[in-house]
Amino acid sequence: MDNDQFMNPVLDGEDAIEEFDFRNQKDAILYCIEVSPSMLATMNPAEPDDGTEPTSAARVALESAYMMLQQRIISQPSDAFGILLFGTKDQTDPAYENCLMLMDLAVPEASEIKYIKEILEDDQKFDSVFTPSDTPPSIVNTLFCANQQFNAKSGAYMFQRLFLVTNNDNPSDPRPDYRKSARTRVHDLIGLGVRIEPFFLYTEMQPFDTSKFWEDVIFSGYSSDDYVDIQPILITAKQGLQMKAHVKARQTPRHAIFSVPLEIVPGNLSIGIKGYVLFKRQDIQRSHYVYEQEGEKAVIARSHTQYTYTDTTTRLDTRAMKAEAKTEEIDKNEAKRGFKFGGEVLPFAPEEIQSLRNIGEAGIRIIGFKPIQLFDPSYNMRPSYFIYPSEEDYVGSIRTFAALHSSLLDENKYALAWVKATNRSSPFLAALVACPEIIEHENGRDEQKQSPGIFVIKQPFADDIRDFPAQPYNNIKGSP
């Protein structure tokens with residue numbers, strides 16, 4: 001394979017589409033919460049002594065948004081997140097009546113996260129922000145405001161979703177073409193690639209009938225076979241966590257376990273990639289030592305390490321230590337790790353031990369290419385990694401990765417690489433196998449079943465491969 005095609009990758013035509021497919025798969029989520037007297041109505045616990053505090057549907061919705069926000073800033077810090085309140089007395093822009101942006105649709109900042117937390121902890125601040133307007137909110141204005149938020153970020157995010165939280169099953173508006181305008185706004189959002197995820201809340205005293213308004217409006221933008229979850233969610237003081245569970249179920253977590261350079265040409269061409277684990281075996285959870293006294297609950301036993309020094313009259317050999325030897329506790333920093341060699345113990349400082357283990361920086365280095373027919377799937381003994389390009393450290397990584405991916409598929413080859421995922425991990429040989437994008441038509445729309453990328457499959461060393469026995473064990477004479 002000629003290295004020149006990687007030095008100056010030129011993509012046009014069909015290749016340009018492949019480059020677009022390798023852009024950063026970031027999310028943009030806009031949380032829209034209705035503010036109305038019914039959403040702010042206090043929900044008291046069914047039983048006074050069940051430990052549940054009074055709350056409201058609006059507060060539960062904001063708590064759910066804050067919960068998702070906290071999770072995403074850790075697992076997906078590059079994603080955009082916004083919170084829009086509609087039906088409020090205050091408004092951010094006069095063009096969008098009764099619409100208040102608590103957080104603009106962008107990568108969250110620390111001050112914004114702190115502000116949302118203060119609203120939840122301070123009842124007075126919550127009441128001042130969540131003050132309903134004197135007139136019913138217009139869903140048309142709300143969807144138009146959301147449209148402008150997504151339109152400003154058009155093309156920057158691959159996955160865009162609108163979480164709509166309301167308990168009003170039949171929004172009213174004096175305009176005669178109100179439903180038609182609402183359907184138009186829904187079509188506009190879908191045209192931008194935004195998927196609407198409704199959260200319709202109801203209580204035992206206030207049911208929610210989706211057939212009055214929302215089925216006609218939301219389903220108008222999707223085909224008859226497309227699935228949109230519009231089932232109302234029961235919300236009570238004790239079941240407020242149910243909504244949080246629904247929100248958590250609709251998240252799409254993608255957490256990279258390592259981010260390293262991929263060296264294609266030694267010393268001349270490197271790109272940035274991120275590694276993910278798509279498949280993992282479910283292992284038995286680690287067991288713990290516990291202790292319990294009679295009549296008490298079992299608790300986990302805490303272990304600790306103690307360093308001691310034993311003064312012996314013989315050479316430093318644990319098997320020859322005398323029983324009358326004197327033992328005293330010493331500080332951890334005074335102890336050194338040693339190795340026996342030629343009958344003596346050679347001490348090593350921690351820095352020396354670390355230098356012995358350091359065999360290079362973390363990264364993936366391609367050392368050659370082989371025909372894909374020579375790849376043996378039986379050598380895959382551990383879950384593989386899935387790598388995807390990232391331009392955080394190397395500009396042009398997406399274009400170069402797309403060229404490498406396309407070349408591996410077109411030439412029916414795979415790359416043999418030296419992999420060191422992290423600075424502390426052990427290196428290993430791996431096969432870099434490119435996989436094409438797979439799109440299937442289901443539920444009236446095209447759905448991506450496999451993302452284009454490269455799998456990193458660990459390969460055994462020559463000493464790890466064993467020949468099969470000459471004959472099966474059950475055929476050996478005299479075997480049971």
Side-chain angles (χ1 to χ4, degrees), residues 74 255-263 266-267 270 272-277 280-281 283-292 298-368 379-385 387 392-393 416-432 456-466:
I74 297 175
H255 181 61
I257 60 174
F258 63 84
S259 178
V260 297
L262 170 62
E263 187 179 90
S270 296
I273 58 98
K274 288 183 179 291
Y276 305 84
V277 174
K280 192 175 187 303
R281 177 181 176 182
D283 295 325
I284 300 177
Q285 293 186 356
R286 177 185 175 185
S287 61
H288 298 273
Y289 288 103
V290 298
Y291 73 93
E292 59 180 340
V299 295
I300 297 177
R302 303 292 181 181
S303 61
H304 69 279
T305 303
Q306 179 178 327
Y307 292 85
T308 60
Y309 167 74
T310 303
D311 184 14
T312 63
T313 57
T314 62
R315 62 190 182 125
L316 188 56
D317 188 341
T318 55
R319 292 171 297 179
M321 288 183 179
K322 295 183 178 180
E324 64 272 12
K326 179 181 178 182
T327 302
E328 59 178 322
E329 183 178 353
I330 62 175
D331 186 75
K332 175 183 177 180
N333 298 326
E334 298 178 7
K336 292 184 178 181
R337 187 180 295 272
F339 297 91
K340 291 188 64 176
F341 182 77
E344 297 183 1
V345 176
L346 302 180
F348 284 80
E351 297 79 12
E352 295 174 325
I353 296 292
Q354 187 63 31
S355 64
L356 292 175
R357 295 176 177 176
N358 184 14
I359 54 176
E361 299 293 333
I364 300 177
R365 185 169 69 251
I366 294 179
I367 57 180
Y379 289 164
N380 182 16
M381 303 300 293
R382 295 185 60 185
S384 59
Y385 297 116
I387 59 175
E392 293 181 1
D393 299 320
L416 191 64
W418 178 262
V419 180
K420 195 171 188 293
T422 63
N423 289 327
R424 291 180 172 270
S425 62
S426 300
F428 59 89
L429 288 175
L432 306 187
V456 180
I457 304 174
K458 183 177 180 180
Q459 298 291 284
F461 291 98
D463 294 339
D464 298 329
I465 302 175
R466 299 290 184 268

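Sequential numbering from 1 along the given sequence is applied to the chain's residues. Predicted, not measured: the structure shown is a model, and the values here were computed from it.
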Test side-chain contact (heavy atoms from CB on, under 4.5 Å) applied to F341 - qualifying residues, sequence neighbours left out: L346
Heavy-atom nearest pair, V456 first then A430, reads CG1-CB, 3.6 Å
Where do E361 and K420 come nearest, in terms of heavy atoms and distance? O-CD, 3.9 Å
When rounded to the nearest 0.5 angstrom, what is the spacing between CG in N380 and CD in Q459? 7.5 Å
Might you point out which heavy atoms bring P261 and A362 nearest each other, and give the distance in Å? CD-O, 3.8 Å
CG/L432 to CG/L416 distance, rounded to the nearest 0.5 angstrom? 8.0 Å
Side-chain contact test, heavy atoms from C-beta onward, threshold under 4.5 Å: evaluate it for V277 versus Y385 and give yes or no. yes
Name all residues meeting the side-chain contact (heavy atoms from CB on, under 4.5 Å) criterion together with P383; count only those two or more places apart in sequence or in a different chain, and write none if there are none. none
With sequence neighbours excluded, residues passing ring pair (Phe, Tyr, Trp, His ring centres under 6.0 Å) with F348: F339
So how far is it from W418 CH2 to I364 CD1, rounded to the nearest 0.5 Å? 13.0 Å
Run the side-chain contact (heavy atoms from CB on, under 4.5 Å) test against D463 and tell me which residues pass, sequence neighbours left out. none
Would you compute the distance between atom CG of L262 and atom CD1 of I366 and round it to the nearest 0.5 angstrom? 5.0 Å
How would you list, by chain and number, every residue that makes a salt bridge (Lys or Arg N to Asp or Glu O under 4.0 Å) with K274, sequence neighbours excluded? E392
Looking at Y379 and P460, what are the two nearest heavy atoms and their distance? CB-CD, 3.6 Å
With sequence neighbours excluded, tell me which residues meet side chain to side chain donor-acceptor pair (under 3.5 Å) with S425. T422
Is any side-chain heavy atom of V260 less than 4.5 Å from a side-chain heavy atom of V419? no
